[in-house]
Amino acid sequence: MAKKFKVVVTRRIPEAGLQLLKKAGFEVKISPYNRILTRPELKKFVKGADAILSLLTDKIDGEILDAAGPQLKIVANYAVGYDNFKIDDFKTRKIYATNTPGVLTETVAEHTIGLLFAIAQRIVEADEFVRQKKFRGWEPMLFLGTDVRNKTLGIVGLGRIGGEVAKRMRDGFGLKIIYFDVKRNKELEKELGIKYVSFSQLLKESDFISIHVPLLPTTHHMFTLKEFKMMKPTAFLINTSRGAIINERDLVTALKKKIIAGAALDVYEFEPKITPDLLKLPNTVLLPHIASASIETRSKMAEMAAKNIIAVLRGGKPINPIF
Ligand code: GLV
Ligand code: GLV
């Protein structure tokens with residue numbers, strides 16, 4: 001009998017994906033730890049794998065690919081973002097890399113909108129107030145927030161997720177939508193009825209700014225004190241993409257000095273570390289990188305990663321290649 005292909009999964013993911021891999025007849029090895037593997041653990045764990053199912057918390061570069069061995073054919077990331085992959089190292093070794101685009105788009109868009117409302121209406125702050133038993137009855141000036149309708153939402157990065165946020169906020173809540181992207185998309189502009197502006201114009205005109213670009217050398221620290229100073233003092237920043245798009249230390253300064261009104265964040269520059277002062281500021285909403293975390297979507301992501309592995313180990317091409 002032919003040797004079974006070995007698939008290593010760096011942390012337990014939803015059963016739907018694991019079942020597909022097992023049904024395909026592979027030997028499936030799941031990390032025994034319910035935590036991020038250390039670098040030495042990861043190197044040891046991938047040894048002998050034909051396929052790796054990785055997480056965005058696993059840095060995958062030449063050293064890890066070589067630790068797996070020459071039989072390695074694919075690394076399937078259980079995420080749409082793949083800034084954890086050193087792509088050049090995959091290319092030189094001719095190893096496939098895949099991600100999970102599309103299936104999480106609407107969930108992340110919904111989460112982004114949830115964050116927007118949470119920060120505008122001070123939902124988290126107010127919830128804390130109630131839990132601390134401070135509610136003494138209705139008050140005329142208690143937790144005054146900001147209306148959302150008729151405001152201007154600036155989308156930074158009009159990809160799949162940015163487009164879905166734009167559509168929902170325009171159709172559902174009557175906001176004016178402007179966007180900036182390195183690639184102008186006139187077709188989508190027309191379809192969504194939204195306007196392309198320069199980055200500086202977007203900073204100046206937006207009441208809400210939502211970030212939807214991937215982390216690249218060109219998007220790293222796209223937001224620093226200089227950009228915050230161009231924003232309205234009443235503006236809110238929402239980030240569900242990658243933390244390092246923002247200089248987090250500068251964001252703390254901007255929030256402390258009321259240069260901008262608030263920030264709702266799902267991601268951080270040095271995850272899982274968070275700049276301590278962010279935790280003390282009332283004008284923030286802070287989530288633990290969960291924007292794609294619905295039961296339905298995480299199952300679909302698991303299946304998608306598994307299907308890419310199955311396609312490649314059966315001798316075909318991956319369904320969602322990164323390059
Ligand atoms: C989550 O951040 C993802 O990239 O899927
Ligand atoms: C990610 O799915 C994006 O293109 O926004």
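Both counts, for ligands and for their atoms, begin at 1 and track the order of listing. For the single chain, residues carry numbers from 1 onward in sequence order.
Here the straight-line distance linking atom CD of Glu205 with atom CD1 of Ile178 works out to 5.0 Å at 0.5 Å rounding.
Scanning all protein heavy atoms for the shortest distance to atom 5 (O) of ligand 1 gives Val80 N, 2.8 Å.
Lys43 NZ: 12 or fewer foreign heavy atoms inside a 6.0 Å radius.
Checking Thr112 against Thr240 by side-chain atom types alone, a donor-acceptor pair falls below 3.5 Å. Counting only N and O atoms by type, the side chains of Asn77 and Ser54 include a donor and acceptor under 3.5 Å apart.
Of all the atoms in ligand 1, the ones that sit under 4.0 Å from a non-hydrogen atom of Leu104 are 5 (O). Close approach of ligand 1 to His289 (heavy-atom distance below 4.0 Å) involves ligand atoms 1 (C), 2 (O). Every atom of ligand 1 is numbered from 1 in the order shown, and the set under 4.0 Å from a heavy atom of Arg242 is 1 (C), 2 (O), 3 (C), 4 (O). Counting the atoms of ligand 1 from 1 in the order shown, those under 4.0 Å from a heavy atom of Ala79 are 3 (C), 4 (O), 5 (O).
Between Phe236 and Phe208, the ring-plane angle classifies as parallel under the 30° and 60° cut-offs.
Considering Lys6, Lys4, Lys73 as possible partners of Asp50, the one that fulfils the salt bridge (Lys or Arg N to Asp or Glu O under 4.0 Å) test is Lys73.
Contact annotation: for Thr100 versus ligand 1, there are no heavy atoms closer than 4.0 Å.
Between Gly81 and ligand 1, at least one N/O pair is under 3.5 Å apart.
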